[in-house]
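Read the numbers this way: they start at 1 and go in the same order the structure lists the ligands and their atoms.
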Amino acid sequence: FQPKLLAGRRVLITAGPTFEPIDPVRGITNHSSGKMGFALARAAQEAGAQVTLVAGPVHMPTPRGVARLDVQTARQMHAAVLPLAPQHDVFIATAAVADWRPDTTADQKIKKQGDSRVPTLALTENPDILAAVAALPQRPYCVGFAAESEQLLQHASEKRLRKNIPLIVGNLGPATFGRDDNALLLVDEQGHHDIPHADKLTLARALVREIAGRIGQPHTP
Ligand code: C5P
């Protein structure tokens, strides 16, 4: 029996990569599978929460009982999340949002020039969705993720403070994108501790317990 730790709570989750089009057939993206975000959506739903999942382009079935919105770009994800955020108690940002997008998107496929000239791609920074939600006056409890290749604790701690969020979760496993397992490092104002190596659904359930413990007693709607 799983206690309903998030009964009456509303949880908003971003998951997967974003896709930033260059032209109608090309774009910038990354290898995020969405597995961690989808596992968290399932775990939060099992814990009694009303869950909204905003997903980039992924090949994942929607967990039972979860409301899902599909987006492509970082700006679409930002536009979907911001108005929803104040109506939620918890926001978990697992999406691997592209940091930059092409300045302009060509209407037609960019053709190869016969003389081997190479087009240059001018980039613009994408909005930081997590930082924007954390800056809302009516903000949900915000949880960020940090994928770092070195000095995870230091970088995760700095990121937590920079984005002004109470909890950040570091990926301890090597190259977690697409894998079914991982280990997590939780960093909050009290300090840090690990959730040991396990499959992503087990980790998601453990993280849901951690979040439920931090936002207080379950309440009835
Ligand atoms: O700054 P960095 O991308 O390393 O931060 C990672 C965290 O911030 C993740 O929780 C990610 O979902 C979130 N993020 C975001 N919007 C961005 C970039 C990152 O929500 N544009």
Side-chain angles (χ1 to χ4, degrees), residues 11-21 27-41 43-44 51-58 60 68-86 88 90-103 123-136 139-173 175-178 182 184-188 192 195 200 203-204 207-208 210-211 214:
V11 177
L12 178 63
I13 300 171
T14 62
T18 63
F19 180 89
E20 312 294 333
I28 299 173
T29 188
N30 60 65
H31 281 306
S32 169
S33 64
K35 283 178 182 168
M36 194 64 219
F38 276 64
L40 277 162
V51 180
T52 312
L53 179 60
V54 179
V58 292
M60 298 278 296
R68 172 175 176 178
L69 276 167
D70 286 313
V71 297
Q72 293 273 316
T73 68
R75 283 192 295 176
Q76 288 167 357
M77 191 175 273
H78 182 265
V81 164
L82 265 285
L84 290 173
H88 287 79
V90 177
F91 175 54
I92 312 175
T94 71
V97 181
D99 291 314
W100 307 283
R101 66 174 180 273
D103 241 344
L123 300 176
T124 304
E125 200 170 343
N126 268 328
D128 188 322
I129 300 161
L130 176 55
V133 171
L136 290 171
R139 70 178 204 161
Y141 183 87
C142 291
V143 183
F145 271 73
E148 304 289 343
S149 51
E150 34 126 44
Q151 293 185 293
L152 179 62
L153 177 58
Q154 191 193 326
H155 286 139
S157 305
E158 285 167 8
K159 196 165 289 184
R160 190 182 77 81
L161 296 172
R162 190 168 65 244
K163 299 202 187 218
N164 190 26
I165 55 172
L167 177 63
I168 194 149
V169 181
N171 291 315
L172 280 171
T176 60
F177 274 15
N182 196 4
L184 302 178
L185 171 71
L186 270 60
V187 186
D188 67 7
H192 61 92
I195 302 180
K200 285 184 176 174
L203 293 175
L207 187 53
V208 159
E210 296 274 354
I211 293 168
R214 285 167 170 81

Check: Does any N or O in the side chain of Arg139 come within less than 3.5 Å of the main-chain N or O of Val133, such that one atom is a donor and the other an acceptor?
Finding: no

Note to self: Please check: side-chain N/O of Glu20 versus main-chain N/O of Ala74, any donor-acceptor pairing under 3.5 Å?
What the structure shows: yes

Check: Can you find a heavy atom in the side chain of Pro166 that is under 4.5 Å from one in the side chain of Cys142?
Finding: yes

Item checked: Leu53 backbone acceptor or donor facing Arg68 side chain under 3.5 Å -> no

Note to self: Just to confirm my output: which protein heavy-atom neighbour is closest to atom 13 (C) of ligand 1, and how far is it?
What the structure shows: Leu130 CB, 3.9 Å

Item checked: Contact with ligand 1 for Asp128, non-hydrogen, under 4.0 angstrom -> yes

Notebook entry, point to check: Counting N and O atoms only, with roles assigned by atom type, does the side chain of Thr18 sit under 3.5 Å from a partner on the main chain of Ala98, one being a donor and the other an acceptor?
Noted result: yes

Margin query: Walk me through whether Asp128 and Val97 qualify under side chain to side chain contact (heavy atoms under 4.5 Å, CB included).
Written below: CA-CA 8 Å; Asp128 188 322; Val97 181; over 6 Å; no

Checklist line | Residue Pro127 vicinity, atoms of ligand 1 by number, heavy atom under 4.0 Å | finding: 16 (N), 17 (C), 21 (N)

Item checked: Identity and separation of the nearest protein heavy atom to atom 6 (C) of ligand 1 -> Phe145 O, 3.0 Å

Note to self: Show the atoms of ligand 1 that are less than 4.0 angstrom away from any heavy atom in Val97.
What the structure shows: 15 (C), 16 (N), 17 (C), 18 (C), 21 (N)

Checklist line | Protein heavy atom at shortest distance from atom 10 (O) of ligand 1 | finding: Ala93 O, 2.6 Å

Note to self: Suppose we measure from atom 16 (N) of ligand 1 to each protein heavy atom; which comes out shortest, and what is that distance?
What the structure shows: Ile129 N, 3.0 Å

Note to self: Does atom CZ (Arg214) have a neighbourhood of more than 12 heavy atoms from anything else shown, all under 6.0 Å?
What the structure shows: yes

Checklist line | Closest approach of any protein heavy atom to atom 4 (O) of ligand 1, naming residue and atom | finding: Lys159 NZ, 2.3 Å

Note to self: Under a 4.0 angstrom heavy-atom cut-off, which atoms of ligand 1 come close to Gly144?
What the structure shows: 10 (O)

Notebook entry, point to check: So, the side chain of Asn182 versus the backbone of Leu203: is there a donor-acceptor pair under 3.5 Å, distance only?
Noted result: no

Note to self: Which of the numbered atoms in ligand 1 are under 4.0 angstrom from any heavy atom belonging to Ala95?
What the structure shows: 11 (C), 12 (O)

Notebook entry, point to check: When you measure from atom 19 (C) of ligand 1 to every protein heavy atom, which one gives the shortest distance, and what is it?
Noted result: Lys163 NZ, 3.7 Å

